[in-house]
Amino acid sequence: QVQLVESGGGLVQAGGSLRLSCAASGRTFNSYGMGWFRQAPGKEREFVSAISRSGTRTLYADSVKGRFTISRDNAENAVYLQMNSLKPEDTAVYYCAADRSLVLGRRVQEYENWGQGTQVTVSS
């Protein structure tokens with residue numbers, strides 16, 4: 001089990017940037033693939049990005065490709081999401097998630113551990 005705590009959300013104007021962080025507890029962080037998901041009001045939770053245990057493989061949703069960058073620091077037990085060129089449609093609660101599977105996943109059901117979320121609001 002790993003505990004996850006997100007931070008870095010806030011209010012930003014369209015075109016701006018934010019960097020989300022997710023701090024993980026425990027000594028087995030590098031045993032987990034990590035993902036970022038988001039959920040807007042009235043919508044289902046959706047995949048944003050994922051990164052493999054070693055950080056060598058990444059996945060992105062088409063809606064964020066070229067604007068968002070996921071990274072991780074296994075020495076610091078942390079995963080990050082750099083978000084550039086933000087749009088109002090990026091407004092959502094962003095969640096960090098951890099998955100012990102070797103397969104890098106895009107589905108909510110593939111992730112066993114979740115943080116509490118951090119709000120990102122992009123104004124037009």
Side-chain angles (χ1 to χ4, degrees):
Q1 197 85 356
V2 61
Q3 281 74 49
L4 305 171
V5 179
E6 303 94 335
S7 61
L11 173 63
V12 64
Q13 288 188 332
S17 298
L18 282 174
R19 187 191 193 214
L20 304 184
S21 299
C22 174
S25 66
R27 294 177 291 177
T28 59
F29 178 67
N30 59 4
S31 298
Y32 291 86
M34 299 298 296
W36 285 99
F37 290 76
R38 67 187 182 186
Q39 188 166 17
K43 295 188 176 181
E44 293 187 352
R45 194 168 298 188
E46 65 173 5
F47 172 76
V48 175
S49 183
I51 189 166
S52 62
R53 297 175 177 186
S54 63
T56 55
R57 290 180 294 128
T58 57
L59 291 175
Y60 294 95
D62 288 344
S63 58
V64 306
K65 201 172 293 184
R67 301 188 297 122
F68 290 11
T69 303
I70 191 170
S71 61
R72 67 188 293 163
D73 185 336
N74 286 344
E76 295 293 326
N77 280 14
V79 63
Y80 307 100
L81 186 68
Q82 177 67 44
M83 305 187 296
N84 298 329
S85 302
L86 283 161
K87 304 175 181 180
E89 52 262 44
D90 294 318
T91 295
V93 176
Y94 282 71
Y95 297 91
C96 173
D99 171 26
R100 296 205 71 137
S101 169
L102 286 172
V103 177
L104 207 53
R106 294 175 180 264
R107 298 183 304 151
V108 169
Q109 298 91 329
E110 296 177 85
Y111 290 80
E112 305 103 25
N113 301 280
W114 293 83
Q116 84 290 348
T118 186
Q119 176 71 47
V120 170
T121 302
V122 184
S123 63
S124 57

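Throughout, residue positions are numbered sequentially from 1 according to the sequence presented.
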Between the main-chain N or O of [Y] and the side-chain N or O of [X], is there a donor-acceptor pair closer than 3.5 Å?
{"X": "Glu112", "Y": "Arg100", "value": "yes"}
{"X": "Arg72", "Y": "Gly55", "value": "no"}
{"X": "Arg53", "Y": "Ser31", "value": "yes"}
{"X": "Glu6", "Y": "Gly117", "value": "yes"}
{"X": "Ser49", "Y": "Tyr60", "value": "no"}

- What residues, two or more places apart in sequence or in another chain, satisfy side chain to side chain contact (heavy atoms under 4.5 Å, CB included) together with Lys43?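 With neighbours one apart ignored, the set is Ala40.
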- Could you list the residues that satisfy side chain to side chain contact (heavy atoms under 4.5 Å, CB included) with Asp73, not counting sequence neighbours?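 Asp73 satisfies side chain to side chain contact (heavy atoms under 4.5 Å, CB included) with Ala75, Glu76, Tyr80 only.
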- Ring centroid separation Tyr111 to Phe37 under 6.0 Å: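 Aromatic pair counts; centres sit under 6.0 Å.
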- Please assess Arg38 against Val64 for the test side chain to side chain contact (heavy atoms under 4.5 Å, CB included), listing each intermediate value before the final yes or no. CA-CA 12 Å; Arg38 67 187 182 186; Val64 306; 3.9 Å; yes
- Item | Pair Gln3, Ser25: side-chain N/O donor-acceptor within cut-off below 3.5 Å |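 Yes, a side-chain donor-acceptor pair sits under 3.5 Å.
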- So does Asp90 pair up with Lys87, basic N to acidic O under 4.0 Å?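 A salt bridge is absent here (no side-chain N lies under 4.0 Å from a carboxylate O).
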- Which residue, Thr118, Leu11, Leu86, forms the side-chain contact (heavy atoms from CB on, under 4.5 Å) with Leu18?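 Between Leu18 and the candidates, side-chain contact (heavy atoms from CB on, under 4.5 Å) is satisfied uniquely by Leu86.
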- Counting only heavy atoms not in Gln109, do more than 12 fall under 6.0 Å of its CD?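 Enclosed: over 12 neighbouring heavy atoms sit under 6.0 Å from CD of Gln109.
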- CD on Gln82 to CG on Leu20, rounded to 0.5 Å: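 Here the interatomic distance stands at 9.0 Å.
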- Query: With under 30° as parallel and over 60° as perpendicular, where do the rings of Tyr94 and Phe68 fit, or are they tilted in between?
  - Reply: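 Taking Phe68 first and then Tyr94, their aromatic rings sit tilted (interplane angle of 30° to 60°).
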- Quick one: do Tyr95 and Leu4 satisfy side chain to side chain contact (heavy atoms under 4.5 Å, CB included)? Show the steps, please. CA-CA 9 Å; Tyr95 297 91; Leu4 305 171; over 6 Å; no
